[in-house]
Amino acid sequence: MMRDCIIIGGGPAGLTAAIYLARYHLSTTVFDDHSSRAATIPISHNLAGFPEGISGRELLARMRTQLQRYKVQILAEGVSQLRKEQVGFRVLSSSGSMRARTVLLATGVTDRKPPMLAERHDEAVAGGLIRYCPVCDGFEVTDKRVAVIGCGSRAFAEALFLRSYTTHVTIITPQEEHELSEIEVDRLRDLQIGLQKGPVKSIDPGRDAIRVATASGIGEFSSIYPALGSDARSKLAAVAGAELSENGCVIVDSHQRSTLPGLYAAGDVVIGLDQIGTAMGQAGIAATAIRNDLNEARPLAR
């Protein structure tokens with residue numbers, strides 16, 4: 001059976017788009033391998049309508065509950081291949097293959113993590129000792145001691161952003177060299193942002209603080225922000241024939257259409273502000289474009 005749309009990704013973008021498409025009376029299947037980065041958010045205070053905040057897991061659970069009101073198929077598996085065919089697309093997964101007139105890619109990105117045991121890392125993220133998004137939770141470290149783990153311009157920019165929340169900011173380079181220009185070093189000095197050379201020997205989360213050991217000593221912080229970059233999960237789009245940006249994100253137009261006709265993308269896999277609200281907004285735009293484009297090809301009438 002040819003579906004109207006297959007959504008690859010079960011995070012805020014994918015689930016929001018599924019709700020829109022279902023309410024447009026379009027046949028929709030969601031492939032959700034439960035790897036959404038949103039699920040790792042301990043609590044979000046940036047999402048309007050939740051004055052006490054909401055965890056990423058609870059938000060996703062509520063969205064899935066909302067989606068159950070409609071006839072949307074949700075498959076708990078990933079997609080191994082996406083093929084463009086003469087008419088529509090074919091999606092391959094562990095359970096077989098499925099065809100759709102359109103596909104929405106909402107696979108997000110994967111953060112590059114600091115060197116430490118996965119279990120210890122995840123516990124530190126859950127406790128707010130490791131944070132990945134100063135836009136999301138910089139407010140929570142107001143006037144606290146924080147460190148940015150990274151080097152070069154990425155760490156420099158993140159440290160400057162955090163400096164608007166606290167006077168206690170230190171950049172710790174994971175390697176021996178900081179890869180900063182003289183101008184950047186002077187700017188850090190003017191803003192009293194510390195600079196500690198690596199390499200990082202260990203990262204040790206405690207109950208209320210996290211310790212980072214380097215060749216020059218041990219620093220104790222309320223939170224650390226890894227500024228090591230992220231990797232867009234865009235391989236499916238690239239292999240299918242869509243164009244990517246220099247940093248691997250899917251290139252889209254103002255309606256979330258990729259350069260491959262019939263393929264759309266929304267959320268963190270697209271260049272933009274990596275925020276839940278942004279992902280949900282892009283999903284609404286993409287779903288509406290899908291509906292209108294399908295209607296243009298063949299009028300949707302009951």
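We number each residue from 1, following the sequence as shown.
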Novice: Side chains of Gln192 and Thr167 only: does a donor on one sit below 3.5 Å from an acceptor on the other?
Specialist: no
Novice: Any side-chain heavy atom of Val141 within less than 4.5 Å of one from Tyr225?
Specialist: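 A side-chain contact exists here, since the closest heavy-atom pair is under 4.5 Å.
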Novice: Report yes if some heavy atom in the side chain of Leu162 is under 4.5 Å from a heavy atom in the side chain of Glu158; otherwise report no.
Specialist: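 Counting from C-beta outward, Leu162 and Glu158 do come under 4.5 Å.
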Novice: Report yes if the side chains of Ile7 and Leu21 come closer than 4.5 Å at any heavy-atom pair, otherwise no.
Specialist: yes
Novice: His255 and Ile285: which non-hydrogen atoms are nearest, and at how many Å?
Specialist: CA-CG2, 3.7 Å
Novice: With a 4.5 Å limit on heavy-atom distance, are the side chains of Met2 and Val87 in contact?
Specialist: yes
Novice: State whether the side chain of Gln175 and the backbone N or O of Pro199 hold a donor-acceptor pair below 3.5 Å, judged by distance alone.
Specialist: no
Novice: Within the side chain of Ser223, is there an N or O that forms a donor-acceptor pair under 3.5 Å with the backbone of Gly128?
Specialist: yes
Novice: Any donor-acceptor pair under 3.5 Å linking the side chain of Ser258 with the backbone of Leu263?
Specialist: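 Indeed, once roles are kept as given, a pair shorter than 3.5 Å links the two residues.
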Novice: Could you check whether any side-chain heavy atom of Arg257 comes within less than 4.5 Å of a side-chain heavy atom of Asp293, counting everything from C-beta outward?
Specialist: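 Answer yes - side chains close enough.
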Novice: Say whether Ser35 and Asp33, considering side chains only, have a donor N or O and an acceptor N or O under 3.5 Å apart.
Specialist: yes
Novice: Applying the 4.5 Å side-chain criterion to the ILVMFWY set and letting contacts propagate, would Ile172 and Leu228 be lumped into a single cluster?
Specialist: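 Looking at the clustering, Leu228 is in a separate group from Ile172.
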Novice: Does Phe139, at its CZ atom, have more than 12 non-hydrogen atoms belonging to other residues, nucleotides or ligands within less than 6.0 Å?
Specialist: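 Atom CZ in Phe139 is not crowded, with 12 or fewer foreign heavy atoms closer than 6.0 Å.
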Novice: May I ask you to check whether Asp111 and Ser230 show a side-chain donor-acceptor distance below 3.5 Å?
Specialist: no
Novice: Is the number of heavy atoms from other residues, nucleotides or ligands under 6.0 Å of Glu77 CD greater than 12?
Specialist: yes
Novice: Measure the spacing between CD of Gln256 and CG of Leu105 and express it to the nearest 0.5 Å.
Specialist: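 Answer for the CD-CG pair, Gln256 versus Leu105, is 11.5 Å.
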Novice: Applying the 4.5 Å side-chain criterion to the ILVMFWY set and letting contacts propagate, would Ile203 and Tyr132 be lumped into a single cluster?
Specialist: yes
Novice: Answer yes or no: are there more than 12 heavy-atom neighbours, outside Arg90 itself, under 6.0 Å from its atom CZ?
Specialist: yes
Novice: What are the two closest non-hydrogen atoms of Ile251 and Ser245, and how far apart are they?
Specialist: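 Closest approach of Ile251 to Ser245: CG1-N, 3.6 Å.
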Novice: Assess whether atom CZ of Arg57 is packed by more than 12 heavy atoms of other residues, nucleotides or ligands within 6.0 Å.
Specialist: no
Novice: Does OH belonging to Tyr20 count more than 12 external heavy atoms closer than 6.0 Å?
Specialist: no
Novice: Taking Arg189 first and then Asp186, would you say they form a salt bridge - that is, a charged N and a carboxylate O separated by under 4.0 Å?
Specialist: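 A salt bridge is present here (some side-chain N lies under 4.0 Å from a carboxylate O).
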Novice: State whether the number of non-hydrogen atoms from other residues, nucleotides or ligands found under 6.0 Å of Leu273 atom CG is greater than 12.
Specialist: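 Enclosed: over 12 neighbouring heavy atoms sit under 6.0 Å from CG of Leu273.
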Novice: Would you confirm whether Lys84, through its side chain, and Pro261, through its main-chain N or O, come within 3.5 Å as a donor-acceptor pair?
Specialist: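 Flag set: sc Lys84 to bb Pro261 pair under 3.5 Å.
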Novice: Going by heavy atoms in the side chains, are Val200 and Pro114 under 4.5 Å from each other?
Specialist: no
Novice: Quick check for you: to the nearest 0.5 Å, what is the distance between Gln196 atom CD and Ile149 atom CD1?
Specialist: 8.5 Å
Novice: Does atom CG of Leu92 have more than 12 heavy-atom neighbours from other groups under 6.0 Å away?
Specialist: yes
Novice: Are the side chain of Thr166 and the backbone N or O of His168 linked by a donor-acceptor pair below 3.5 Å?
Specialist: yes
Novice: Does any part of the side chain of Met280, heavy atoms only, come nearer than 4.5 Å to the side chain of Leu47, both counted from C-beta?
Specialist: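 Contact flag for Leu47/Met280 side chains = yes.
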Novice: Looking at side-chain heavy atoms only, is the closest gap between Met63 and Thr16 below 4.5 Å?
Specialist: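 The answer is yes, as the side chains (C-beta and beyond) meet within the 4.5 Å cut-off.
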